[in-house]
Amino acid sequence: KRKRRNMAKQVPEDQQIFKGLHFYFFPNDDKNPARKMRIAKAIEFGAQWEREMNKNITHVVVDKLMQYPTVLKYLKMNSLPNSVHVVSEIYLSECISYHALLNVGQPQFRVKGYVAPEHSDDPATAAPTFSINSVKPLELKLADEKIILRQLARQEISEEEISLESATSVALLLQDSDPVEDFYRQSPVNANRPADPQATTTEEFDSGSPIMDEGSETDSAVIPTNQPIIKRQDIQTKFRCMHKHIGDQPGNPNAAATTILQQMADYYSQTGDEWPAKAYRKATGTLSNHPTKVWTKDEALALPHIGKRLAQKIEEIAFTNHLRRLHKVIAEPADALLRTFMKVYGAGFAKASEWVNQGHKTLDEVVEKAKLSDNQRVGIKHYADFNARIPREEVAQHADIIRKSLHKIDPAFEVIVGGSYRRGSTQSGDIDWIVTCPNTGPAHLRAVVIDKLVPRLTESGFLVASFATTSRGSESKWHGASCLTGSTIWRRLDLFLVPSNELGAALIYFTGDTVFNRSLRLLANTKGLRLNQRGLYKDVIRGRRHIKSSKGILVEAKDERRIFEILRVPWRPPEHRIC
DNA sequence: TCACAGCGGAC
DNA sequence: GTCCGC
DNA sequence: GTGA
Ligand SMILES: O=c1ccn([C@H]2C[C@H](O)[C@@H](COP(=O)(O)OP(=O)(O)OP(=O)(O)O)O2)c(=O)[nH]1
Ligand SMILES: [Mg+2]
């Protein structure tokens, strides 16, 4: 074992406000970017990061969403010694910004469920430290009751299909002599398809980590006697891309839950916890799709992508209209600043955090004092422009200009406005273009668009900024901004040059929405296929940790509908690809 | 325990 | 490899 | 955080 040298960068000694202090974080790892940053900062200001709970520890620094009982439960302790200060993460940032050790007793540093000792040097309580709980009997969870689900399995099979709008594609899917079938017959993908779950599952009980289970607010966890409900969902229900959906109706019965879970998602995004954030969003998606109000845990649990913990939260929201854990935590001023900075084009979580940590309070201050990339500079200068939505009519005006100019160069070229515009939105965040031309390779596309069209429109004053040009293999992109004559508002443009033999895959990609794309790609994945903006591939070989070792063989690229068919997804017109 | 979509480019 | 963007 |  090598001794870890703790030589991370440190501030000059006289500024080390945490010198001599030993911090234990909770959770005590740096897997979360925000916490990683906090830990680095603490060390920078002289603190020692303790990896294990020990007697040297002076402060336990707890994440905002965590509660004191959870900490104790994890540590298997009844209490912490009075000499240890339990503080919220906010404590660190406040101390740093005031360049002083603040009073740990201030209410804003309080951790939920923690009551500070009266006087911390009480000799009476100093002695019995770190009493470790006797081992708790884990609650055994019985293995599956597989009976219930058998019945659940076969219910509304084709309600969805029946209500489909495209009769032709339904017919296609139902035909036995479906041309698509050929693909399946000859495809080796087939080999590992139906198989059969060799139910060797002999797990007697969930190896269940009892730790980290943030219990309910109410102290004694009322261990319910209810059986675990087993989910069984098939492709029909599990994948968002299998549903037509037109977006939220105003009367969504689960509005309370979705808004709160959405906030949770935002919170996790903000701390850089990408997977929890995505999980919350997925759950919000299924919930906002659900036609009736979900009241109970079990009801929620039956829905795709809603597990035990979210189900519990949903129940709480249904009855109380809020979530206690969330309540105050969400709208911190520091977070508002972070959110503001993160909306700068060219700045994400890392850059925005950096600016926050540098102490900048406004965008003006960032421009003055921080080092910026060209794109970020433009992003701040046109902060309002780029965060505004574009009315559909204005998109059409831009389209006119680009089409006319392009046709002067070569009338055979075709322009399709994709993105949210193609999905029928009345407003768009940017303008996404697909530029293509029959029987034209990538080289000529580039020659016409990048080398001729873009320079001309820049000359004429329509294009006002260029952010990035990408060009690899068959397709290219150009990112920039435009401004209509008579207007001062800059709009982001995204041109995607596509050879006609890849138009179908490109349309799917560029039409989105993002959730739909990911769902469709995930579905492809489960069938041993891979979908990207260039086409649908088979025989993709992936090694350990999902590393691709072979690109696979192209199955289909030019026909949008055909890709749906092969994936056995009923055709979705763009307006229905809103997930 | 692993994946969660999959890609290009700047640094 | 990380960050940012689509 | 969920699902396989
Ligand atoms: O992470 C992403 C982002 C985008 N896209 C695809 C889908 C999306 O529809 C299209 C255009 O991207 P854009 O960011 O412009 O989204 P949009 O759907 O057009 O919405 P907006 O109105 O905000 O521009 O590119 C993805 O596949 N993955
Ligand atoms: Mg768009």
Side-chain angles (χ1 to χ4, degrees), chain A residues 33 36 65 197 201 203 207 209 212-214 230-233 238-241 261 264-265 267-268 272-286 300-301 303-314 342-354 371 373-376 379 386 418-420 429-434 467-480 492-496 505-506 508-526 529-537 540 542 544-548 551-552:
Chain A
K36 184 173 182 174
L65 282 179
T201 354
E203 11 169 5
S207 58
S209 57
M212 295 311 240
D213 198 335
E214 294 111 42
I230 290 93
K231 302 192 177 188
R232 202 239 162 218
Q233 270 129 12
K238 229 171 31 187
F239 289 87
R240 311 267 310 159
C241 61
L261 295 186
M264 287 291 282
Y267 172 80
Y268 279 118
D273 258 318
E274 60 163 323
W275 294 114
K278 280 177 177 151
Y280 270 94
R281 266 183 213 116
K282 240 181 200 172
T284 325
T286 80
L301 202 47
L303 270 28
H305 305 117
I306 294 177
K308 217 174 70 179
R309 314 176 83 206
L310 277 177
Q312 173 67 52
K313 292 183 175 73
I314 289 166
M342 283 209 302
K343 281 188 281 187
V344 172
Y345 180 84
F349 174 78
K351 192 45 86 179
S353 307
E354 194 183 312
K371 205 174 356 166
S373 70
D374 292 349
N375 288 355
Q376 287 157 357
F386 291 164
S420 48
D430 65 355
I431 313 178
D432 303 293
W433 313 85
I434 290 180
F467 297 135
T469 310
T470 78
S471 164
R472 184 116 138 202
S474 55
E475 99 265 301
S476 316
K477 269 194 179 190
W478 182 86
H479 289 284
R492 279 180 298 124
L493 301 189
D494 191 347
L495 305 206
F496 189 29
I508 289 177
Y509 161 64
F510 228 40
T511 300
D513 64 12
T514 301
V515 173
F516 179 87
N517 283 356
R518 293 193 356 221
S519 171
L520 198 64
R521 288 172 181 203
L522 185 62
L523 177 63
N525 230 303
T526 66
L529 304 167
R530 177 174 55 104
L531 178 64
N532 63 20
Q533 63 269 45
R534 287 186 277 273
L536 182 66
Y537 298 79
V540 183
R542 289 198 168 103
R544 265 223 110 24
R545 292 210 169 243
H546 213 242
I547 290 154
K548 267 207 305 284
K551 285 187 307 181

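Residue numbers begin at 1 in each chain, while the letters A, B, ... track the order of the sequences.
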Within this structure, what is the CG-to-C1' distance between A:Asn517 and C:dG5, rounded to whole angstrom? 15 Å
Among D:dT2, C:dC6, B:dA5, which nucleotide sits nearest the side chain of A:Leu522? B:dA5
Without decimals, in angstroms, what is the distance between A:Leu520 CG and B:dC7 P? 14 Å
Measure from NZ on A:Lys477 to P on B:dG6 and round the result to the nearest Å. 16 Å
I'd like to check A:Thr511 versus A:Phe516 (side-chain heavy atoms, cut-off strictly below 4.5 Å). Are they in contact? no
Taking CD from A:Glu475 and P from B:dG8, how many angstroms apart are they, rounded to a whole number? 7 Å
Round to a whole Å and report the spacing from CG of A:Asn532 to P of B:dC7. 5 Å
In sequence, state the C-alpha distance, the side-chain angles, and the governing distance for A:Phe510 and A:Gln533, and then conclude on side chain to side chain contact (heavy atoms under 4.5 Å, CB included). CA-CA 8 Å; A:Phe510 228 40; A:Gln533 63 269 45; over 6 Å; no
Name the nucleic acid region contacted by A:Ser519, choosing base, sugar-phosphate or nothing; use a 4.0 angstrom heavy-atom cut-off, strictly under. nothing
Measure from the side-chain heavy atoms of A:Thr470 and tell me the nearest of B:dG9, B:dC7, D:dG3. B:dG9
When you compare the protein's N or O atoms with those of nucleotides 2-4 of chain C, which come within less than 3.5 Å of each other, and at what distance?
| from | atom 1 | to | atom 2 | distance (Å) |
| --- | --- | --- | --- | --- |
| C:dC4 | OP1 | A:Gly348 | N | 2.9 |
| C:dC4 | OP1 | A:Lys351 | N | 2.9 |
| C:dC4 | OP2 | A:Phe349 | N | 3.1 |
| C:dC4 | OP2 | A:Ala350 | N | 3.2 |
| C:dC4 | O5' | A:Gly348 | N | 3.3 |

Relative to each other, are the rings of A:Phe386 and A:Tyr345 parallel, tilted or perpendicular (30° and 60° limits)? perpendicular
Closest approach to the side chain of A:Tyr509, judged atom by atom: which nucleotide of C:dC6, D:dG1, B:dA5 is it? C:dC6
Expressed in angstrom and rounded to an integer, what is the separation of A:Arg521 atom CZ from B:dA3 atom C1'? 16 Å
Might you work through the side chain to side chain contact (heavy atoms under 4.5 Å, CB included) test for A:Leu520 and A:Asn517, ending with a clear yes or no? CA-CA 5 Å; A:Leu520 198 64; A:Asn517 283 356; 5.7 Å; no
Output the single nucleotide from B:dC7, B:dA5, B:dG6 whose closest atom is nearest the side chain of A:Trp275. B:dA5
So if I take every side-chain heavy atom of A:Asp432 and compare against B:dC7, D:dG1, C:dC6, which nucleotide ends up nearest? C:dC6
Whole-Å distance separating the CG atom of A:Leu523 from the P atom of B:dA5: 12 Å
Side chain to side chain contact (heavy atoms under 4.5 Å, CB included) between A:Lys313 and A:Tyr280, intermediate numbers included: CA-CA 11 Å; A:Lys313 292 183 175 73; A:Tyr280 270 94; 3.5 Å; yes
From the options D:dG3, D:dG1, B:dG6, select the nucleotide whose nearest atom is closest to the side chain of A:Asn525. B:dG6
Reckon A:Arg534 has a side-chain N or O less than 4.0 Å from the OP1 or OP2 of B:dA5? no
Taking only side-chain N and O atoms of A:Arg472, does any of them lie within less than 4.0 angstrom of OP1 or OP2 on B:dG9? yes
Just the rounded figure in Å: distance from P of B:dA3 to NZ of A:Lys238. 17 Å
